[in-house]
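Have a look at the structure below, then the notes.
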2 protein chains.
Amino acid sequence: MHLEHAILGFLNYGPFTGYELKRVFDRSIRHFWPADQSQIYKTLSKLSDKGLASMDIVHQDDRPSRKVYQITDAGRTQLMEWIRRTPEVEVVREPFLIQVFFAGLLPDEEAIQILEEKASEIRAYIENLNEVTKVGAQGDGQKAPKKLQFYWFLTVDHGLWMMQASLDWLEETIERIRRGEYVDGPAVLDPPRRRRDG
Amino acid sequence: MHLEHAILGFLNYGPFTGYELKRVFDRSIRHFWPADQSQIYKTLSKLSDKGLASMDIVHQDDRPSRKVYQITDAGRTQLMEWIRRTPEVEVVREPFLIQVFFAGLLPDEEAIQILEEKASEIRAYIENLNEVTKVGAQGDGQKAPKKLQFYWFLTVDHGLWMMQASLDWLEETIERIRRGEYVDGPAVLDPPRRRRDG
DNA sequence: TGCTTCTATTGGAAATCTCCAATAAAGGAA
DNA sequence: TTCCTTTATTGGAGATTTCCAATAGAAGCA
């Protein structure tokens with residue numbers, strides 16, 4: 001369970017309540033691991049059951065008591081072990097490609113329209129990612145060490161690269177359909193290498 | 001539920017049993033929608049309940065009877081409606097990036113090692129995708145119409161572009177870490193546009 | 001002969017996640 | 001004054017998917 005590791009990672013920086021963690025997630029890694037609030041709470045109690053985190057109840061007069069979680073030594077060990085692990089082979093699952101696969105049933109203009117819609121959705125997403133970066137660059141009050149912030153930026157960078165690649169594919173594909181390429185038979189071309197402009 | 005639409009799409013080409021569908025999935029869209037066998041069976045009976053497919057039992061003397069499913073008019077209508085829909089915003093969920101995010105806790109060489117491992121995993125995946133294309137190009141006995149085959153190739157092409165982008169990001173990132181870039185502070189650069197070689 | 005693979009379907013358990021609702025008090029906006 | 005948002009947690013329902021096991025005859029291999 002990956003949420004477990006993500007939470008452990010944040011607890012490694014300091015103690016948090018479920019509520020606080022939700023905000024931390026939303027402000028840092030939402031772009032590659034969105035977390036549902038109730039899922040965070042459930043995972044916290046699981047971590048506690050496993051002895052990877054400990055919990056203290058802090059009473060408050062005006063609000064519900066806070067359950068503050070802290071990482072344990074066992075938790076820290078497991079976190080580091082996980083980070084060092086060879087990354088898993090990830091299963092690709094893209095509903096959009098099911099649509100593309102069967103879009104051959106539609107007339108060209110309609111297929112192109114769907115690809116255009118996807119393209120503008122991605123453009124909006126890129127805008128959004130750039131926003132995330134700006135908010136993160138301001139440091140959110142507490143300053144993270146430069147190195148950790150650098151790695152955070154790398155994940156944003158990854159998102160931007162992938163989105164850009166997707167956009168480029170869409171534009172190329174629309175071109176290919178416009179040219180009526182399938183009449184001459186299909187071809188899977190080698191994907192282009194990516195390099196920085198200028 | 002997306003598997004529902006994928007199955008409906010294949011049933012639109014002709015009648016299939018669950019067993020046959022499993023093989024069709026494995027030979028065509030596994031690279032973006034792997035399907036579990038028992039999930040296919042469950043989804044088929046759901047489609048039948050909803051009146052989107054009909055089922056005939058064909059007895060066989062030497063083997064268990066086959067349940068042959070056919071798409072209904074209602075099913076065809078819904079399939080076409082779905083294909084034309086504006087593509088959904090897809091939720092990104094990448095465990096590997098959680099690892100990258102926290103890899104800042106490791107010494108540079110160890111972080112680089114993880115990125116290298118990911119890179120070779122992706123290279124293997126690309127090999128595999130190229131295999132898929134070769135098998136598909138032979139047409140598998142029955143020939144699909146050129147246009148439909150073209151759209152199928154497009155989905156493979158998409159996979160290749162995305163994998164290549166991921167690989168390029170990894171290589172660039174390894175470079176950036178090697179240069180010790182984070183010492184001077186982080187930067188999210190604009191991703192490069194893609195162009196064909198030569 | 002024994003083992004594995006292929007054909008063909010079914011059912012249960014469990015993991016992971018989303019969505020929704022309930023509780024409760026404070027503070028700010030309209 | 002009424003309504004919405006924030007803080008803070010809990011619990012249940014359901015969706016989707018994976019994994020595993022059972023059944024069973026036939027065919028091919030060593």
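Excluded from the calculations below are hydrogen atoms, water molecules and symmetry mates; all remaining heavy atoms, backbone and side chain alike, are included. Naming convention: chains lettered A, B, ... in sequence-line order (proteins, then strands); numbering from 1 in each chain.
- Atom pair A/D26:CG and D/dT7:P shows a separation of 12 Å (rounding to whole Å applied).
- Considering all non-hydrogen atoms of both residues, A/H59 and A/S65 come closest at ND1-OG, 3.7 Å.
- Centroid-to-centroid, the aromatic rings of B/F10 and A/F101 come within less than 6.0 Å.
- Residue order along DNA chain C, read from the 5' end via each residue's closest nucleotide, puts B/T17 first among B/K42 and B/T17.
- Taking only side-chain nitrogens and oxygens, A/K46 comes nearer than 4.0 Å to OP1 or OP2 of C/dT16.
- Distance A/D56 CG to D/dA8 P: 16 Å, rounded to the nearest Å.
- D/dG11 atom P lies 14 Å from atom CG of A/L44, rounded to whole Å.
- Considering all non-hydrogen atoms of both residues, A/A6 and A/I29 come closest at CB-CD1, 4.2 Å.
- Atom CD1 of A/I57 is separated from atom P of D/dA8 by 14 Å (rounded to the nearest Å).
- Comparing atom distances between the A/R66 side chain and each of D/dT17, C/dA8, D/dA8 picks out D/dA8 as nearest.
- In this structure, of C/dT10, D/dT17, C/dT18, it is C/dT10 that holds the atom nearest to the side chain of B/K67.
- What separates CD of B/E4 from P of D/dT16 is a distance of 7 Å, to the nearest Å.
- Look at B/R93 and you won't find any side-chain N or O under 4.0 angstrom from OP1 or OP2 of D/dT16.
- Using a 4.0 Å cut-off, no side-chain N or O of A/Y41 falls inside it from OP1 or OP2 of D/dT10.
- In this structure, CD of A/Q37 is placed 11 Å from P of D/dT7, rounded to the nearest angstrom.
- Here the C1' atom of nucleotide C/dT16 and the CD atom of B/Q39 are 14 Å apart, to the nearest Å.
- No side-chain donor from either of B/Q113 and B/E109 sits under 3.5 Å from a side-chain acceptor of the other.
- The nearest heavy atom of DNA chain C to B/Y69 and to B/V91 marks one nucleotide each, and the one closer to the 5' end goes with B/Y69.
- Side chain of A/Y19, nearest nucleotide from D/dT9, C/dC19, D/dT17: D/dT9.
- Taking only distance into account, the side chain of B/S38 meets the base of D/dC19 through a donor-acceptor pair shorter than 3.5 Å.
- B/R23 has a side-chain polar atom (N or O) that falls below the 4.0 Å cut-off from OP1 or OP2 of C/dT7.
- When all heavy atoms are compared, the tightest approach of B/M1 to B/H5 is O-CD2, 3.2 Å.
- In this structure, CD of A/E88 is placed 11 Å from P of C/dT16, rounded to the nearest angstrom.
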